[in-house]
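Heads up: the structure comes next, in structure tokens.
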Protein chains: 2
Amino acid sequence: MPNSAVSNSLFSSSTGATLGRRATTQRARFEDFGGTRRAFAAHEVVYYEGDPVKRLFQLSEGSLMLYKLLPDGRRQVVEVLQAGDIFGLAEGSEYDCTAETLTKTSVYEIDLKKVESSVGLQQQLTKCLIGQMNALHEHAMLLGRKSATERVASFFMYLIPNRGGPGCVGPDPEVEGDGCDLELHMTRQEIADYLGLTIETVSRVISDLKKRQVIRLEKSDRIHLRRVCDMCQITGIH
Amino acid sequence: MPNSAVSNSLFSSSTGATLGRRATTQRARFEDFGGTRRAFAAHEVVYYEGDPVKRLFQLSEGSLMLYKLLPDGRRQVVEVLQAGDIFGLAEGSEYDCTAETLTKTSVYEIDLKKVESSVGLQQQLTKCLIGQMNALHEHAMLLGRKSATERVASFFMYLIPNRGGPGCVGPDPEVEGDGCDLELHMTRQEIADYLGLTIETVSRVISDLKKRQVIRLEKSDRIHLRRVCDMCQITGIH
DNA sequence: CGGTCTTTTGACTGCAATCAACCAGTGTGG
DNA sequence: CCACACTGGTTGATTGCAGTCAAAAGACCG
């Protein structure tokens, strides 16, 4: 472990799979701590921005987005969550975002009091929060400084485990070529609201990548990358 | 406490003062847990993006920014921190951002092992992280969906405690008028990199607000708001 | 006072937003 | 089975906001 001064259970080790991070290691789930499971269909709202905070959630299966709205209808998707991610935390007594499922999901709910009293849960929570925080930093860079093409390319790279990040392993030498298939599980509108773009711009960028033969569309939300490294070059990170 | 189902020590109560939140209550400091104090001058780097993670920090006095760079030099300031805020957490073994002071600051350092073993510190940490997370959500909305003018206005409102947020108290009836003085403690370049704009655009927006008599410049980083409510109208939140 | 650095202002350009059609897939009912 | 509506996605034409490039105006300092 070169250059690393720490390797304790709390702060080291890659965990979770929030978009914007690319780690793989499993982390503990709320079910281990007595949380109760709840299922949602695709495009269901778990809670609305402004609702009173009652419980804490952990995503167990599927994917889910958190978004905020301005009074005139502008929307910003602030996080796209994957299995293991935490949501439902708030400073005050109201949620600061709306939580809406993207796919069929399974969620663990847990009482706030229970979290407070359990050291194990606390540590779990911290670990998740740090990861999600790093993803938010990365996303701030995307929203503040990247071009439309770079945003879309970065978004695609988010979806590929172990690639594009600081721990990128490069093309797998075991596998012929460096291709990859992606399922977006998001509409163009959701992608646009996540990337701070319009639906038309997202569509145009994707069409352009298609024309440049960087990608191939199997379906509108199923995309094949010819070579992952090519996509990575477009993200602005290299 | 209308509409609030919870009021335990961990997740309720307004805490901290990170930009993007407007709360006031004091929270515990690391000094109480045996952290060591360290002083920095203005524009000093505490650590660089990519440095190995060794310690956790809490800002005690002054203000500090976290930023990320792209290889071509584009910069995004991802957080501007105030007293009480935590920084230096990372998923892996390296910092994901550079931490640089904006003013003379005082920082408490604490060993990661110590945090892991203390329930009190853990709770403290969680509280801070949730607040900073909410600020990042708010900032994602700013970067993804707001106009240049709305960004600058929102930035100014960040700097005013108890105004503009969900718990906005409106103009203080005790005080004649609704004016307010602000110290920015940031150069135009830093503001631009925080708001995802260029230095010229920030300057133009400020000139325009001046022409519209919404603000008056005492110095280039000292600004008087004629009426806070007027500024708030420009943020896009209302 | 000149020299350096930050901020402001001006002229122009370009990227992404807007407005508007069009297209493809899906479901419904006569 | 086809006509129809409806939804989500794509493409085209045009506009406008913020970026870029360039220069002037202040601010600060030895």
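Chain identifiers are assigned alphabetically (A, B, ...) following the order of the sequence lines, protein sequences preceding nucleic acid strands; residue numbering begins at 1 within each chain.
- Note: CG (Leu217(A)) to P (dG8(D)) measures 17 Å, nearest angstrom.
- For the pair Arg222(B) CZ and dG26(D) P, the computed distance is 22 Å after rounding to whole Å.
- Side chain of Thr198(B), nearest nucleotide from dT10(D), dT20(D), dT9(C): dT20(D).
- The closest side-chain heavy-atom distance from Arg145(A) to Asp193(B) is below 4.5 Å.
- Here Leu197(B) lies in heavy-atom contact (under 4.0 Å) with sugar-phosphate atoms only.
- Taking atom CZ on Arg188(B) and atom C1' on dA27(D), their separation rounds to 13 Å, with Å as the unit.
- Ser203(B) comes within 4.0 angstrom of a base, heavy atoms only.
- For dC17(D), neither phosphate oxygen OP1 nor OP2 lies less than 4.0 angstrom from any side-chain nitrogen or oxygen of Ser147(B).
- Remark: the Arg204(A) side chain and the dG9(D) base include no donor-acceptor N/O pair separated by less than 3.5 Å.
- Here dT26(C) presents its C1' atom at 13 Å from NZ of Lys219(A), a figure rounded to the nearest Å.
- Atom CD1 in Ile199(B) sits roughly 17 Å away from atom P in dA18(D) (whole-Å rounding).
- One atom, CD of Glu218(A), and another, P of dG9(D), lie 17 Å apart when rounded to the nearest Å.
- A donor-acceptor contact under 3.5 Å is formed by the side chain of Glu200(B) with the base of dC21(D).
- Taking 4.5 Å as the limit, some side-chain heavy atom of Leu143(A) sits within range of a side-chain heavy atom of His139(A).
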Quiz prompt | Residue pair Glu138(A), Lys68(B): steps toward the salt bridge (Lys or Arg N to Asp or Glu O under 4.0 Å) verdict | solution = CA-CA 8 Å; Glu138(A) 188 67 44; Lys68(B) 291 172 80 77; 3.5 Å; yes
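- Remark: the backbone N or O of Leu129(B) is not paired with any side-chain donor or acceptor of Gln132(B) at under 3.5 angstrom.
- Looking at the side chain of Ala148(A), the nearest of the listed nucleotides dT9(C), dA18(D), dA16(C) is dA16(C).
- Ranked by how close their nearest DNA chain D nucleotide is to the 5' end, Thr149(B) and Ile206(A) are led by Ile206(A).
- Taking atom CG of Leu195(B) as the reference point, atom P of dC17(D) lies 19 Å away to the nearest angstrom.
- Among Tyr47(B), Phe40(B), Tyr108(B), the one residue that satisfies the ring-ring contact (aromatic ring centres under 6.0 Å, His included) test with Phe57(B) is Tyr47(B).
- Counting to the nearest Å, the C1' atom of dA18(D) and the CD1 atom of Ile191(B) are 17 Å from each other.
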